[in-house]
There are 2 protein chains.
Amino acid sequence: MKDVAQHAGVSTATVSRVLNGHAAPTPETRERVLAAIEELGYRPNALARSLRTTSTQTLGLVISDLLNPFFAEIARAVEDEARSHGYCVVIGNADESAEQEATYVRTLLDRRVDGLLLCPATDDPSLVREVSAGGVPLVLLDRTVRGATCPVVRADGSEALTALARRLVGAGHTRIGVIAGPPNTSTGRERTDVLTAALGGVAQVVHGDFRQESGSQAAAKLIDDGATALVVMDNLMGLGALGEIRARGLQIPHDIALAVFDDQPWFPLLDPPITVIAQPTVEMGRAAARSLLALINGQQPDDVRLTAKLVLRGSCGEAEL
Amino acid sequence: MKDVAQHAGVSTATVSRVLNGHAAPTPETRERVLAAIEELGYRPNALARSLRTTSTQTLGLVISDLLNPFFAEIARAVEDEARSHGYCVVIGNADESAEQEATYVRTLLDRRVDGLLLCPATDDPSLVREVSAGGVPLVLLDRTVRGATCPVVRADGSEALTALARRLVGAGHTRIGVIAGPPNTSTGRERTDVLTAALGGVAQVVHGDFRQESGSQAAAKLIDDGATALVVMDNLMGLGALGEIRARGLQIPHDIALAVFDDQPWFPLLDPPITVIAQPTVEMGRAAARSLLALINGQQPDDVRLTAKLVLRGSCGEAEL
DNA sequence: GATCCATGTGTAATCGATTAACTACGCCCT
DNA sequence: AGGGCGTAGTTAATCGATTACACATGGATC
């Protein structure tokens, strides 16, 4: 920057003013400075700028698993929304591990992100408290924690789950296997509670860990126990369950019915296409980014609760009803 | 930091030494400092540190599309490898747009990443030159550019493509549709060249843009033109092609054979399972990160060329051979 | 012509760390 | 006792920007 100033025959203050579009500099000074910048190929050092202004124009996003298309879509939406407001997004991968999540959150705070978007791996509120104590704007996404004091953005699947339960019971299923998320995540618990309540006792629940492998294992156990329908609470576990069903040569929906929480672009391609509860991922990501930006600007955004929708495609024997 | 120093009755220099594990401080001084840090909940400001040391311990990764599981896997692998060496990764989404790619690259350079991993959207070398001119370590991933002067990490699909071509021709296909990537990407061109050469004239090529929608359109066109086999050069376009095939009620492989470049976890679940050319994505990501770290440490890593493998599953009528 | 204001630019402090150069304090040896 | 030396710790410069404040210039006003 000093070089630019010298080249243009002005002080660094003036260069800075030109850079930041301040009113002061004369059009001709501005021209000279811009020419010098161009000539020297100067690019301002964002670190120094941030150090001085205490603003990085950066949002942190900590998710549980980038390989889960659900989170990838959310990440993408967050990024789009953030960019359109001049912010960058740094993504951290917690790998469904609370420890790694904490490490990432701290790293992001050390780098002074202007705000943090978090999909908590567990419902333990201590990390959230730590962030809040540091005074960093925070929004929870998809999942919440016990006694959360910050805005939360999530999808409500209660209606869809209830409708699904009604349909399964109506179709005569009396042994319905539920492959749930970990009981220490809010989504894992809530979805399961709603569904089992709606199923009224014919449900058998096995908890997985939101990963493919646990989906296969849970499916194997439930099928062994005589389940005639499977409801899977996450798309990766759904993939695992599907694999197990195929491996056993079972026909959907004749031998076993299947429904999955989270839609995927390839679900319609299966035979039969998979019935799902689709979450508005893009809208969730965008809403979360918007809430966080509002928080950063000193506003107090409300919680956002979007609605997940039941999409019937055939894998629950819809045609037979 | 000043507060910590005061609290512990030492100077900031000493605090800094404790933080960075320098030899100097006495065990008891160290204790006092650590206690003060703990008590005040002090966390060092990474911006200030980086400004002084000109090292951010951060790698930039610019990819074309986070929603493409191929890139998501690569991103994940890069991140793992980087983290195990104490580096963070900032991911930028270029959305297959050269313009956005450039914007992201510049943003990352402004933030002084220690090195850059780039999957170039086009084979235009100007952006690469710009980065190199800035003296920032750079490694290309998956795709290369014309006259690249930096290390490149990619997968070689020539053998697999040739084997696939032999098999298709051997099965009697005389009208083989190729859904290729954009001709201005190295992977788009190279894969297509190898395949058409091996097919020896029975190929009809349509270029897509590595997105699902373009896959459907290309498939529609090729099927209309009487293709009895489709080779798709990317998994997202493969998804589109599959959709089109299903929409027309065609049976794989009886009515049309299909093979896709890039494996996906759900390909084996289709009926019949899809034959693919699988790229070693994880190894690519790790190798790229390793090369970049080597470059940062002043070494001169070689190009890495991994091998993509043909995985026969049935969608090309393998059983009938 | 002196006074005052507006306007454009420069000077220097500052953000929060790192680190070279220096000081102070013992300890040992002759 | 005094000189030399190693060690623990301090002082202050520095990284590259922003910005409050000071200053200079020129035109308007009386």
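Per chain, numbering begins at 1; letters A, B, ... match sequence-line order. Predicted model, so just to flag it, every value in this text is computed and none were measured.
A donor-acceptor pair is defined here as one N or O able to donate and one able to accept, closer than 3.5 Å; no such pair exists between the side chain of A:S16 and the backbone of A:T12. The backbone N or O of A:R143 sits nowhere less than 3.5 Å from a side-chain atom of A:S186 that would complete a donor-acceptor pair.
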Under 4.0 Å protein heavy-atom contacts per nucleotide of nucleotides 15-23 of chain D, with B for base, S for backbone only and - for none: BBBBBBB--
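Classification of B:E81 and B:R290 as a salt-bridged pair holds, one side-chain N sitting under 4.0 Å from a carboxylate O.
Of the options B:E38, B:R32, B:R30, a side chain to side chain contact (heavy atoms under 4.5 Å, CB included) to B:L34 is made by B:R30 and by none of the others.
To the nearest 0.5 Å, the span separating NE2 on B:H85 from CD1 on B:I296 amounts to 10.5 Å.
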